[in-house]
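The next block holds one structure in the form of C-alpha cells; read it before the comments.
Convention: sequence-line order gives letters A, B, ...; per-chain numbering from 1.
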Number of protein chains: 2
Amino acid sequence: MIIFLGEKINVGTISLFESEVAHCAKILRKQVGDTIVVHDGSGSVYTCTITSISKKQVLAQINSSETHPRLSTIHLGISLTKNIDRIEWLVSKVTEIGVTHLTFIKTQRSERSKCRMDRIEKIMQSAVKQSLKHWFVEITPTIVPFAEIVKSTASTKYIASYAPEHANLMDAVPSSASILMLIGPEGDFTQEEVNGASQHGFESVNLGSQRLRTETAGLYASTLLRARQDQAK
Amino acid sequence: MIIFLGEKINVGTISLFESEVAHCAKILRKQVGDTIVVHDGSGSVYTCTITSISKKQVLAQINSSETHPRLSTIHLGISLTKNIDRIEWLVSKVTEIGVTHLTFIKTQRSERSKCRMDRIEKIMQSAVKQSLKHWFVEITPTIVPFAEIVKSTASTKYIASYAPEHANLMDAVPSSASILMLIGPEGDFTQEEVNGASQHGFESVNLGSQRLRTETAGLYASTLLRARQDQAK
C-alpha cells in the first residue's frame, strides 16, 4: 500500500507535501475521487478522497483517521563524518530502527561542521514512508555545539567511549523515559569533552569489543537502546 | 598506521595481495628496505621489510609476527536484496560489527539469486582494513539454497520472524558456541520455510517492534548477537 505524506491544512482537509505531488499526480495518475492514505509524520494516518489535483497541489478530504503513539524517546547526538554519504546512510537506518530524535553535534575533533539539512530531512521522510513509520524523526535543524548538547535535560544520558573500563551499553539499565546517546567523531571525544559530559550527568558507556566507524557506532547504540526498550515493555 | 593485506608464501616471506600492490608501490612509493605491517586475514600480523617491489608484486621478509584469536562464531545467513547496493553496504557493516561468517541464501521469496562474489569479497577486505580487524569474514562463495543452510550443525540456530509471539532476540541466551542467524527477504520466509527450520532445530526469534528492511534486520541481529557475546565474556 502506498502512503503519502501530507498535512492537515484545516478541519477535514489534507494537502500533500510538495515532494509527494508529482508521485501522486504524474506517476500514479491519481484523479479526483480516488481514495488515498496520507500520514502526517506526527502519528495521524488519514484515509481521504482526492478533491483537487494539479501538477502543484493535491488536496483531499478526510474520511477517517487513526492515531499512533510515539515511541519512547531515543535521542541520538552524533558527530558529522567527513564523508556525508555515511551520515545520510545513518539517517535512513536510524529512522528504520526507531530513533525518535536526531542531532548532529560539533565536537573538538569533528571533521565537518555543515550539512544540507533539507537533504537529510528528505532522506528521513523517505525512510519513514519505506518502513511504514507513523512519526518523523525530529531532526535538530542546526548543528549543535558539544557544549550545548551536554546541557540536555534527558532523564538518561550516555556518552560513547572506547575505554573498556566503562560499562557496556548492553548492561545499562533499560528505561522508559527519555534517553540521549552521544557518539563522537573518528578519533573520539577529547578527555575535556568526556569530563564536561560527566559533570552534566552523562554516563560513559562502551560499545563492545569491536572498533566501529562513527556511523556504525551510531546505529549500534540505537539498535541496543531500541531493543532494550522493546524488551522492557 | 597503514596495514597491508598479504599472505605467507613460504617460511619468512610475505607476498602482498595483488589488490594491494599499486597502493604500496605507486601511491605510497614504498621501496626495498622499508618496513611495512601486513596481515593475512587469518589472525596473523607481520612486521616485515620489503625485499622486492615492482608494479606487479611486493615481497617482504618477516621480522616479527603476532597472532590474534578469532572472535566467537556469528554466522549470518541472509537473503539477497533486489538492489545489490544494500547488500554491499551490509557486508561492510557486518564486518565492522564482528560477524565471522556470511552466507547469502536463496529463499522462496528472494528477489535475486546472483551477485558478484569477487566484489563482495573486496568490500569485506576493505572494511577489514578500515576497521583494523585481524580476521576476514568467511564468505560462502556460492548462494546457498534455504534447504541446504537449515542443515547447518551450528550449536545455536535462530530464524528471524515478524511474529510478535516469538521470543525477542534480546532475550535469547548468550552462548560462546557458534550461532547461525537466518534473515529472510522482504516479505519474509514462507511458513513452509519456517516449519522446515523448526524441524532442524532453529528457534524463531523476532527482531523488536520496528519494521526493518532485510539488510537492516541483518545488521540489527548481528549487533545484538555480538553485543551479547561481548557481555557474556
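- Atom CZ of Arg119(A) has 12 or fewer neighbouring heavy atoms from other residues, nucleotides or ligands inside a 6.0 Å radius.
- No donor-acceptor distance shorter than 3.5 angstrom exists from the side chain of Gln231(A) to the backbone of Asn168(B), with no hydrogens or angles considered.
- Between Leu224(A) and Thr223(B) the shortest heavy-atom distance is CD2-CG2, 4.0 Å.
- Asp230(B) places a side-chain N or O within donor-acceptor distance of the main-chain N or O of Ser209(A), the cut-off being under 3.5 Å.
- Summarising the local packing, CD of Glu165(A) is surrounded by more than 12 heavy atoms from other residues, nucleotides or ligands at distances under 6.0 Å.
- A pairwise comparison of heavy atoms in Arg211(B) and Lys133(A) identifies O-NZ, 3.6 Å as the closest pair.
- Only the side chain of Leu71(B) comes within contact range of chain A, with at least one heavy atom under 4.5 Å from a heavy atom of that chain.
- Between Gln210(B) and Glu96(A), the closest side-chain pair of non-hydrogen atoms is not below 4.5 Å.
- The shortest side-chain heavy-atom distance between Met170(B) and Met170(A) falls under the 4.5 Å cut-off.
- Distance check, rounded to the nearest 0.5 Å: OG1 of Thr216(B) to CD of Gln130(A) gives 9.5 Å.
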